[in-house]
Asker: 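Shown below is the structure under consideration.
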Number of protein chains: 2
Amino acid sequence: MTATNGGPTRARQDTVAAVVRQWQAVHPDLDTAPMEIIGRINRCAALFQQAEDAPLRRAGLSRPEFDLLGALRRTAHELTPSELARETFSSGAAVTKRLKQLTERGLVERRGDARDRRVAHVRLTDAGRALVDGILPEQLAYETALLSGLNPQGQSELAALLGDLLGQLEGRLRALRA
Amino acid sequence: MTATNGGPTRARQDTVAAVVRQWQAVHPDLDTAPMEIIGRINRCAALFQQAEDAPLRRAGLSRPEFDLLGALRRTAHELTPSELARETFSSGAAVTKRLKQLTERGLVERRGDARDRRVAHVRLTDAGRALVDGILPEQLAYETALLSGLNPQGQSELAALLGDLLGQLEGRLRALRA
DNA sequence: AGCAAGTGTTTTACTCGTAAAGTATTGCGC
DNA sequence: GCGCAATACTTTACGAGTAAAACACTTGCT
């Protein structure tokens, strides 16, 4: 009974399936199909949040903090607070607070804009860059391990489907805002 | 160019793909595959949280509150606070606070256990049950609409893959605790 | 019976995010 | 060049979640 590939991988039941069964019993007429996607995505995200933060926590970083540092690292140039807010999908106020802490810890530096004194430019310090580069491989290895229960083909199918869904959602939200 | 079925649905780019490309440019040696799943799940969950709450918000409920009411409704009998915490994957303290508010709003009732006076039993009031039954179809219709960008086959594949993944994750976490 | 350990729930102190108001600065229209 | 809307960021007030301590009660051991 190889569960790693090929065979009809009848996996262990997940909690969402049980919840859906309960709803079906109480409201047999309801179309509970969306729960099987949205409920599971939410639950997976919650579990990732708990599990995934383990390597980050060792470095004393929360995920939002790491996201901020990561945005600076991956764009490879300075960003303003509002750009950071956009990149990390968080509010400006949250970015302000996180920057304050990260600055105190010596992981980022700020510099005022010469032309427009309203704007600040934020960049990683050497320590900040080293921290990100040190954590990221560890973090990715950890995530790889979390996903390893799914066979490679399942993983790429899942990634593709999620990319599809996310593309649609983001397009729709952009449309709503416009 | 039918995007609804069959054809090579080359969907609109999602933001996670762009982020992964940036990382690849900076660290070409890194295996960024897990981001394409975990990053997307997290981002989808965040978008759902914003979007999905719209129908609930009209009823003045947050999602955690609705989850609590839903747990009472779908199990169709009374639950203790600790059972509610387990069902809704939240801490006991959070349940205590939510129960306080929901009780004040007349949506749930509490009753002490005769045998063991530490435990409380919580049940929906008629108003609470009516609220859940009124909102749920609306909520499901809304969720169906959110997912409608994905064709039916994609949806069931996605649900199955997520069920697989979630089953593995939950199994693993249970193992860690044990 | 009486006390220690265990269990169910609540309280407390704290962190973190947000919305809304506040501050500082720019640049447009006249 | 002067006022005023717009922009960039910060501050404030607050709501919600958590971990750890506190509380209330039960149960098992002697």
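Chain letters run A, B, ... following the sequence lines, proteins first, then strands; residues in each count from 1. Predicted model only: the values in this text are computed from it and were never measured.
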Asker: What is the distance, to the nearest angstrom, from the CZ atom on A:Arg117 to the P atom on D:dT10?
Answerer: 16 Å
Asker: In whole Å, what is the span from the CG atom of B:Leu99 to the P atom of C:dT11?
Answerer: 12 Å
Asker: Any side-chain heavy atom of A:Thr15 sitting closer than 4.5 Å to one from B:Arg86?
Answerer: no
Asker: Find the distance A:His121:NE2 to D:dA8:P and express it as a whole number of Å.
Answerer: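 Distance, rounded to whole Å: 11 Å.
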Asker: Enumerate the protein-to-nucleotides 1-7 of chain D contacts in which both atoms are nitrogen or oxygen and the separation is below 3.5 Å.
Answerer:
residue	atom	partner	partner atom	Å
D:dT7	O2	A:Arg118	NH1	2.6

Asker: Any heavy-atom pair between the side chains of A:Leu162 and A:Ile41 that's under 4.5 Å?
Answerer: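 The answer is yes; the side chains approach within 4.5 Å.
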Asker: For A:Arg129, I'd like to know if atom CZ has over 12 heavy atoms of other residues, nucleotides or ligands within 6.0 Å.
Answerer: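 No - once you tally the heavy atoms of other residues, nucleotides and ligands closer than 6.0 Å, there are 12 at most.
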Asker: Take B:His121 and B:Thr80 through the test side-chain contact (heavy atoms from CB on, under 4.5 Å) and record every step on the way to the result.
Answerer: CA-CA 5 Å; B:His121 296 271; B:Thr80 68; 4.0 Å; yes
Asker: Look at the side chain of B:Thr125 and the backbone N and O of B:Gly106, then say whether any donor-acceptor pair between them is shorter than 3.5 Å.
Answerer: yes
Asker: Check whether any side-chain heavy atom of A:Phe48 sits under 4.5 Å from a side-chain heavy atom of B:Leu169, and report yes or no.
Answerer: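 Of all side-chain heavy-atom pairs linking B:Leu169 with A:Phe48, at least one is under 4.5 Å.
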Asker: Mind calculating the distance between CG (B:Asp113) and P (D:dA24) to the nearest angstrom?
Answerer: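 That distance rounds to 18 Å.
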Asker: Rounded to the nearest Å, what distance is computed from the NZ atom of residue A:Lys100 to the P atom of nucleotide D:dT10?
Answerer: 10 Å
Asker: Is it true that A:Arg98 and A:Glu65 make a salt bridge, defined as a side-chain N closer than 4.0 Å to a carboxylate O?
Answerer: no
Asker: Just wondering, do A:Val122 and A:Leu79 contact through their side chains at under 4.5 Å, heavy atoms?
Answerer: no
Asker: Which letters describe nucleotides 14-21 of chain D, given B = protein heavy atom under 4.0 Å from base, S = only from sugar-phosphate, - = neither?
Answerer: ---BBB--
Asker: Quick test of your reading of the model: are A:Glu104 and A:Lys100 salt-bridged, counting only N-O distances below 4.0 Å?
Answerer: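 Salt bridge absent between A:Glu104 and A:Lys100.
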Asker: Would you find more than 12 non-hydrogen atoms of other residues, nucleotides or ligands less than 6.0 Å from A:Arg115 atom CZ?
Answerer: no
Asker: Is the backbone of A:Gly149 close enough, under 3.5 Å, to the side chain of B:Gln168 for a donor and an acceptor to pair up by distance?
Answerer: yes
Asker: Starting at atom CD of B:Gln50, determine the distance to atom C1' of C:dG17, rounded to an integer number of angstrom.
Answerer: 13 Å
Asker: Return the residues of residues 74-87 of chain B meeting this criterion: a heavy atom under 4.0 Å from some atom of DNA chain C. Order them by number, or give none.
Answerer: B:Thr80, B:Pro81, B:Ser82
